[in-house]
Amino acid sequence: MSDLICITNRKLCSNNFLDQIEMIASAHPKAIVLREKDLSEKEYEQLARQVMQICQKHGTRCILHSFSNVATTLGATAVHMPLPLLQKMTPQEKSHFQIIGASCHSLEEAKEAQNLGCTYITAGHIFLTDCKKGLPGRGLPFLEEICKTVRIPVYAIGGIFSQNMESVRKTGAAGACIMSGFMRCKTVEEIM
């Protein structure tokens with residue numbers, strides 16, 4: 001199984017977004033995180049229904065992002081939450097999910113996410129990335145320190161390409177998250 005997680009951003013797609021999801025899901029990445037931050041809850045739910053259906057068809061895990069109510073409504077078993085939203089979730093709300101992830105940008109956040117019940121975290125941004133223009137990457141030593149400190153799987157995010165994946169794996173990371181590469185690729189083989 002792949003150790004790559006696809007993070008979506010339909011605005012980066014040159015292709016039809018759902019066609020791109022279909023192509024990615026058929027290649028079986030570790031998961032697809034539906035992270036469409038600009039949508040209202042209602043719009044997100046409509047898109048999530050379609051993406052979950054595609055992922056289910058291909059046996060690829062779909063992780064919904066930020067909207068835990070939508071995830072519960074749709075019967076999703078996996079959710080990825082920004083830390084401020086995760087902090088507000090009750091134990092009852094968390095109990096709906098087998099998998100809970102959070103985005104972490106410091107060692108303290110990584111420890112907190114683990115204590116809040118996360119089953120995995122993303123740590124970043126590791127390398128320079130267009131998503132965080134002008135901000136230097138936190139680097140591989142940052143990633144390695146988090147991997148050594150927490151007991152849950154850590155996925156690197158930010159500026160990850162096939163060319164730097166080996167150095168990411170050497171830190172002890174469980175894998176990596178890729179957005180631009182997955183959203184813009186013509187074939188998934190370019191990425192995986």
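Side-chain atoms of Lys94 and Leu116, non-hydrogen and from C-beta on, do get closer than 4.5 Å to each other. The side-chain heavy atoms of Glu36 and Asp38, taken from C-beta on, include a pair separated by under 4.5 Å. Side-chain contact between Gln92 and Ser95: present, with at least one pair of heavy atoms (C-beta onward) separated by less than 4.5 Å. Between Phe97 and Thr119 the shortest side-chain heavy-atom distance does not fall below 4.5 Å. The side-chain heavy atoms of Pro29 and Ile24, taken from C-beta on, include a pair separated by under 4.5 Å. Side-chain contact between Leu64 and Val51: absent, with no pair of heavy atoms (C-beta onward) separated by less than 4.5 Å. Taking 4.5 Å as the limit, some side-chain heavy atom of Lys37 sits within range of a side-chain heavy atom of His65. Between Phe67 and Thr73, every side-chain heavy-atom pair lies at or beyond the 4.5 Å cut-off.
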Return a table of donor-acceptor pairs under 3.5 angstrom between the side chains of residues 170-182 and protein atoms on other chains or two or more places apart.
residue, atom, partner, partner atom, Å
Thr171, OG1, Val168, O, 2.6
Thr171, OG1, Ala173, N, 3.3

Show me the donor-acceptor pairs within less than 3.5 Å that the side chains of residues 143-155 make with the rest of the protein, sequence neighbours left out.
residue, atom, partner, partner atom, Å
Glu144, OE2, Lys148, NZ, 3.4
Thr149, OG1, Glu145, O, 2.7

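Atom CG of Asn9 is separated from atom CE of Met183 by 7.5 Å, given to the nearest 0.5 angstrom. With rounding to the nearest 0.5 angstrom, the CG atom of Leu34 is 9.0 Å from the CZ atom of Arg10. Expressed to the nearest 0.5 Å, how far CZ of Arg184 lies from CD of Glu190 amounts to 12.5 Å. Summarising the geometry, atom CZ belonging to Arg138 is positioned 7.5 Å from atom OG belonging to Ser106; distances are rounded to the nearest 0.5 Å. Atoms CD1 and CD1, on Ile160 and Ile7 in that order, are 11.0 Å from each other to the nearest 0.5 Å. Rounding to the nearest 0.5 angstrom, the gap separating the CE atom in Met81 from the OG atom in Ser66 is 6.0 Å.
Residue pairs meeting the side-chain hydrogen bond (donor to acceptor under 3.5 Å, both in side chains) criterion with at least one member in residues 49-64, sequence neighbours excluded: Glu22-Lys57, Glu22-His58, Glu45-Arg49. The salt bridge (Lys or Arg N to Asp or Glu O under 4.0 Å) analysis of residues 109-120, with sequence neighbours excluded, yields no pairs.
Among residues two or more places apart in sequence or in another chain, the side chain to side chain donor-acceptor pair (under 3.5 Å) test is passed with Lys42 by none. With sequence neighbours excluded, no residue satisfies ring pair (Phe, Tyr, Trp, His ring centres under 6.0 Å) with Phe127.
When all heavy atoms are compared, the tightest approach of Ser103 to Thr122 is CA-OG1, 3.3 Å. In terms of heavy atoms, Ser68 sits closest to Val79 at CA-CG2, 4.4 Å. The two residues Ala25 and Cys55 come nearest to each other via the heavy atoms CB-CA, 4.4 Å. Nearest heavy-atom pair across Met23 and Lys186 is SD-O, 3.2 Å. Closest non-hydrogen pair, Gln20 versus Cys185, comes out as NE2-O, 2.9 Å. The shortest non-hydrogen separation linking Asn164 to Gly159 is ND2-O, 2.9 Å.
Panel note: side chain His28, backbone Ser26; a donor-acceptor pair is recorded below 3.5 Å. Within the 3.5 Å criterion, the main-chain N or O of Pro136 finds a donor-acceptor partner in the side chain of His125.
In terms of hydrophobic clustering, with Ile, Leu, Val, Met, Phe, Trp and Tyr side chains grouped at heavy-atom distances under 4.5 Å, Tyr44 and Leu12 are assigned to a common cluster. Under the 4.5 Å side-chain heavy-atom criterion for ILVMFWY residues, no single connected hydrophobic cluster contains both Val70 and Ile100.
Tested against Ile63 for a side-chain contact (heavy atoms from CB on, under 4.5 Å), the candidates Arg35, Lys30, His80 yield a single pass: His80.
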Query raised in the report: Do Ile121 and Gln114 pass the side-chain contact (heavy atoms from CB on, under 4.5 Å) test, and can you show the C-alpha distance, the side-chain angles, and the key distance before you say yes or no?
Result: CA-CA 8 Å; Ile121 59 169; Gln114 179 176 267; over 6 Å; no

Query raised in the report: Do Glu93 and Thr72 pass the side-chain contact (heavy atoms from CB on, under 4.5 Å) test, and can you show the C-alpha distance, the side-chain angles, and the key distance before you say yes or no?
Result: CA-CA 8 Å; Glu93 289 169 324; Thr72 303; over 6 Å; no

